[in-house]
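First the structure, in the form of structure tokens, and then the observations on it.
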Amino acid sequence: MPSVPLAHQVVWVAGTQLCLLAQKALWWPERHTLLVADLHLGKAAGYRALGQPVPSGTTSCNLQRLDALLNSLACQQLVFLGDFLHSAQGRTPQTLATLAEWRARNAALPITLVRGNHDRHAGDPPPALGFEVVAEPLLLGPFALHHEPCAHPGRHVLAGHVHPAYRLRGRGRQQVRLPCFMVSEHLTLLPSFGSFTGAMTLQASAGQRVFVMGDGGIWEVPT
């Protein structure tokens with residue numbers, strides 16, 4: 001396996017090695033493929049269009065974080081597991097211009113979007129971005145790439161949608177909630193990559209492994 005110059009944890013699922021990255025993305029070294037779930041680009045812009053006083057710059061920040069990953073990996077394919085754009089209101093001229101600039105920096109990279117529920121309302125990315133856009137599932141190797149975590153017979157599912165987080169408890173009332181990967185026999189659930197997305201606190205079920213991220217690191221929660 002090529003060296004991954006990023007904080008990560010290695011897991012084996014469906015007989016295949018995957019790297020869970022501390023940057024809230026998944027690296028499939030055998031295919032040189034980076035998988036990212038739930039960017040929700042333009043969400044803040046959509047809220048501002050509705051009169052909500054939320055900060056600007058989140059789209060640029062998310063794309064800069066994505067660039068940092070792409071610059072650290074020998075990536076030959078990028079797959080978005082749904083909810084690339086957040087809403088129709090978020091398709092502002094500024095958001096679309098920022099996306100065009102980002103795509104120009106990564107013009108040669110093949111990019112696939114597996115449509116999520118927000119994509120169906122927001123609409124597909126502009127054709128000029130050159131994305132391949134498909135309905136779920138996208139079947140690659142032993143995996144079924146979904147947005148929503150639906151079972152797929154004979155395949156291990158890689159999915160997002162629920163923005164998983166896990167609550168770590170310390171002494172007394174001390175606790176912290178962190179984004180996480182959740183890995184079980186037939187499903188790997190990715191955290192949301194977007195920085196303005198929220199999260200859902202989940203409990204691990206029997207046989208499920210939890211990997212939390214914080215302060216640039218990633219570690220497995222003891223069961």
### Query
Do you reckon L109 sits in the same ILVMFWY cluster as L113, going by side-chain contacts under 4.5 Å, direct or chained?
yes

### Task
Could you grab the distance from atom NE2 of H156 to atom CG of L187, nearest 0.5 Å is fine?
6.0 Å

#### Entry: Distance, nearest 0.5 Å, that separates CG of L66 from SG of C61
11.5 Å

### Query
When hydrophobic residues are tied together by side-chain contacts of less than 4.5 Å, even through go-betweens, does W28 share a cluster with V134?
yes

### Message
Given T33, which partner from the list V79, L73, L145, L78 fulfils the side-chain contact (heavy atoms from CB on, under 4.5 Å) test?
### Response
V79

### Query
Would a distance-only check, ignoring hydrogens and angles, find a side-chain to backbone donor-acceptor pair under 3.5 Å from K24 to S192?
yes

### Minimum side-chain heavy-atom gap L178-V176 below 4.5 Å
yes

### Query
Shortest non-hydrogen contact from P29 to L18?
CD-CA, 4.3 Å

### Task
Search all heavy atoms of A7 against all heavy atoms of G216 and return the closest pair with its distance.
CB-O, 3.4 Å

### Query
Crowded around H152 NE2? As in, over 12 foreign heavy atoms under 6.0 Å?
yes

### Task
Kindly compute the distance separating NE2 (H147) from CG (D38), expressed to the nearest 0.5 Å.
5.0 Å

### Task
Could you tell me whether a side-chain N or O of E136 sits under 3.5 Å from a main-chain N or O of E148, the two making a donor and an acceptor?
yes

### Rounded distance (nearest 0.5 Å) linking atom CG of L158 with atom CG of L140
9.0 Å

### Message
Listing request: all salt bridge (charged side-chain N to carboxylate O under 4.0 Å, His left out) pairs with a residue in residues 197-221, at least two apart in sequence or in separate chains.
### Response
R209-E220

#### Entry: Flag side-chain contact, heavy atom, 4.5 Å: T188 against M182
no

### Query
So, do P125 and L99 sit near enough that their side-chain heavy atoms are less than 4.5 Å apart?
no

### Query
Where do T98 and W102 land on the side-chain contact (heavy atoms from CB on, under 4.5 Å) test, with the steps shown first?
CA-CA 6 Å; T98 300; W102 172 79; 5.7 Å; no

### Task
Would you give the length of the straight line joining atom CG of L34 to atom CD of Q23, rounded to the nearest 0.5 angstrom?
10.0 Å

### Query
Is V221 linked to V11 within one hydrophobic cluster, defined over Ile, Leu, Val, Met, Phe, Trp and Tyr using a side-chain heavy-atom separation of less than 4.5 Å?
no

### Query
Does the ring of F143 carry R155 above it, NZ/CZ under 6.0 angstrom from centre and within 45° of its axis?
no

### Task
Report the distance from atom CG of L190 to atom NE2 of H146, rounding to the nearest 0.5 Å.
13.0 Å

### Message
Would you say that L20 contacts L26 through its side chain, given a criterion of any heavy-atom pair below 4.5 Å between the two side chains?
### Response
yes

### Task
Say whether, by atom type as modelled, one donor and one acceptor occur between the side chain of H121 and the main chain of D119 under 3.5 angstrom.
no

### Task
Taking all heavy atoms of L202 and all of Y166, pick out the closest pair and write down the distance.
O-CD1, 3.5 Å

### Message
Is it the case that the side chains of R65 and N62 hold a donor-acceptor pair, with the cut-off being a distance below 3.5 Å and no angle test?
### Response
yes

### Query
Side-chain contact, heavy-atom cut-off 4.5 Å: P137 with L139?
yes

### Query
Going hydrophobic residue to hydrophobic residue with side-chain gaps under 4.5 angstrom, can you get from L129 over to F193?
yes

### Query
Less than 4.5 Å apart, any side-chain heavy atom of L85 and any of H118?
no

#### Entry: Pairwise side-chain contact, F181 with P164, heavy-atom cut-off 4.5 Å (strictly under)
no

### Query
Just by distance, do the side chain of T59 and the backbone of L41 share a donor-acceptor pair under 3.5 Å?
no

### Query
Does one side chain, of D83 or H161, offer a donor that lies under 3.5 Å from an acceptor on the other?
no

### Query
Are I111 and L69 connected in the hydrophobic side-chain network, where two residues link if heavy atoms are under 4.5 Å apart?
yes

#### Entry: Near-ring test H40/H163, centroid separation under 6.0 angstrom
yes

#### Entry: Residues F131, F84; criterion ring pair (Phe, Tyr, Trp, His ring centres under 6.0 Å); working and verdict
CA-CA 11 Å; F131 285 18; F84 179 73; 5.2 Å; yes

### Heavy-atom closest contact (C150 atom, V157 atom, distance)
O-CG2, 3.2 Å

### Message
Looking at every heavy atom in both W219 and M213, which two are closest together, and how far apart are they?
### Response
CZ3-C, 4.4 Å

### Query
How would you list, by chain and number, every residue that makes a side-chain contact (heavy atoms from CB on, under 4.5 Å) with D124, sequence neighbours excluded?
R115, V133

### Task
Verify the neighbour count for atom CD of Q175: are there more than 12 heavy atoms of other residues, nucleotides or ligands below 6.0 Å?
yes

### Task
Over all heavy atoms of both residues, which pair between L189 and G160 is shortest? Give the atoms and the distance, please.
CD1-O, 3.3 Å

### Message
For I218, is there any backbone N or O sitting under 3.5 Å from a side-chain donor or acceptor partner on Q9?
### Response
yes

### Message
For the residue pair T92 / T95, report whether a side-chain donor-acceptor contact shorter than 3.5 Å exists.
### Response
yes

### E132 vs T112, side-chain contact (heavy atoms from CB on, under 4.5 Å): CA-CA, chis, key distance, verdict
CA-CA 5 Å; E132 177 188 19; T112 301; 3.0 Å; yes

